[in-house]
Student: 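A single structure is presented below for examination.
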Amino acid sequence: MAESLAGKLLVATPDLGDPNFYRSVVFIVEHDDVEGVLGLVLNRPTEATVAEHLPRWHDVASDPAVVFVGGPVTPDVAIGVVAAPGQPPEGWTPALGAVGLADLSGSPDDLGGVERCRVFAGYSGWVAGQLEMELAIDSWFVVDADESDVFSDAPQDLWRTVLSRQPSRLSWLANYPPDPRLN
């Protein structure tokens, strides 16, 4: 492994046809050459509200305050990403600046200082070396993440938003049509 991609975004190329990842933006939370990669799809909101599934977390849930599909792996497990500026709380795993994973079994008060949260059902996972193979065949663009990406209030626009801020020709793909044959 050349370098860890933890804290970066994977942006699906327009040709990535897997329905789990079509036009997805995946936040890489963990990446190492032994365990592999754990990521969360940032732009797949569901209709399920945080209030109905994790009511203690509703007050700090970012808009839209719904559960997101984090990926196809273990969809019955809830994963929390929180912004906790200042002193990192107990039970918090850093990912990007003040953003990290949190244990949702307690309450935000247990962590102290949680400003906002996003809840994911399941995650995206790659065994060691698998993501590197997908990168070699150009399935993904790797770009810098911004904390605002994780808590975007317009997740349906995130693929275009992230691509449009990239340098040079990569930004052109933000306007790539869903089906170029119809263009």
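Not measured: the values here are computed from a predicted model.
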Student: Could you pull out the closest heavy-atom pair between F21 and R44, with the gap in Å?
Tutor: C-NH2, 3.7 Å
Student: Can you tell me if S107 uses its side chain to pair, donor with acceptor, with the backbone of D109 under 3.5 Å?
Tutor: yes
Student: Would you find a donor on one side and an acceptor on the other, under 3.5 Å apart, between the side chain of S171 and the backbone of P167?
Tutor: no
Student: Could you verify whether a donor N or O on one side chain and an acceptor N or O on the other, from S105 and D103, lie under 3.5 Å apart?
Tutor: yes
Student: Counting distance only, does the side-chain N/O of H31 pair as donor-acceptor with the main-chain N or O of L5 below 3.5 Å?
Tutor: yes
Student: Between the side chains of N43 and R23, does any donor sit under 3.5 Å from an acceptor?
Tutor: no
Student: Looking only at non-hydrogen atoms, find the nearest pair between P155 and L42 and report the distance.
Tutor: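 It is CB-O, 3.8 Å.
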Student: Check A12 against W159 and note the closest heavy-atom contact, atom names and distance.
Tutor: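 Result for this residue pair: O-NE1, 2.9 Å.
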Student: Can you confirm whether L9 sits close enough to I28 that some side-chain heavy atom of one is under 4.5 Å from a side-chain heavy atom of the other?
Tutor: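 In short, these two side chains do not touch, never coming nearer than 4.5 Å.
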Student: Can you hop from V142 to W172 via hydrophobic side chains spaced under 4.5 Å?
Tutor: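 No, V142 does not connect to W172 through the hydrophobic network.
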Student: In a check of side-chain hydrogen bond (donor to acceptor under 3.5 Å, both in side chains) between T49 and each of H53, E52, E47, which one passes?
Tutor: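 Going through the options one by one, the only one that passes is E52.
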Student: Is there a side-chain contact between L10 and W126 in this structure, where contact means two heavy atoms from C-beta onward sitting under 4.5 Å apart?
Tutor: yes
Student: Would you say the side chain of L38 lies within less than 4.5 Å of the side chain of F27, judging by non-hydrogen atoms?
Tutor: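 A side-chain contact under 4.5 Å is absent here.
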Student: Once you round to the nearest 0.5 Å, how far does CH2 of W140 lie from CG of L16?
Tutor: 5.0 Å
Student: Side-chain donor-acceptor contacts of residues 57-83 below 3.5 Å, not counting sequence neighbours, with atom names and distances?
Tutor:
| residue | atom | partner | partner atom | Å |
| --- | --- | --- | --- | --- |
| W57 | NE1 | L104 | O | 3.2 |
| W57 | NE1 | G106 | O | 3.0 |

Student: Going by the rule salt bridge (Lys or Arg N to Asp or Glu O under 4.0 Å), which residues pair with R165 if we only count those two or more places apart in sequence or in a different chain?
Tutor: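 Per chain and number, R165 pairs via salt bridge (Lys or Arg N to Asp or Glu O under 4.0 Å) with D149.
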Student: So does A98 get a backbone contact from the side chain of E147, meaning a donor-acceptor N/O pair under 3.5 Å?
Tutor: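 The answer is yes, because a donor-acceptor pair under 3.5 Å joins these two groups.
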Student: Evaluate the criterion side chain to side chain contact (heavy atoms under 4.5 Å, CB included) for residue pair V162 and V143; output intermediate values, then yes/no.
Tutor: CA-CA 8 Å; V162 170; V143 301; 3.7 Å; yes
Student: So does L135 get a backbone contact from the side chain of S139, meaning a donor-acceptor N/O pair under 3.5 Å?
Tutor: no
Student: Take D144 and K8 through the test side chain to side chain contact (heavy atoms under 4.5 Å, CB included) and record every step on the way to the result.
Tutor: CA-CA 5 Å; D144 290 335; K8 299 275 190 183; 2.5 Å; yes
Student: Let me see the working for D146 and S148 under side chain to side chain donor-acceptor pair (under 3.5 Å), right down to the final yes or no.
Tutor: CA-CA 5 Å; D146 186 273; S148 64; 2.5 Å; yes
Student: Spell out, as yes or no, whether a donor-acceptor pair under 3.5 Å connects the side chain of R160 to the backbone of N175.
Tutor: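 Flag not set: sc R160 to bb N175 has no pair under 3.5 Å.
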Student: Checking side chain to side chain contact (heavy atoms under 4.5 Å, CB included) for the pair V29/Y123: CA distance, chi angles, key distance, verdict?
Tutor: CA-CA 10 Å; V29 179; Y123 64 94; over 6 Å; no
Student: Roughly how far, to the nearest 0.5 Å, is SG of C117 from CG of L54?
Tutor: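 Atom-to-atom, L54:CG and C117:SG are 8.0 Å apart.
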Student: Can any side-chain N or O of Q130 pair as donor or acceptor with the backbone N or O of V127 at less than 3.5 Å?
Tutor: yes
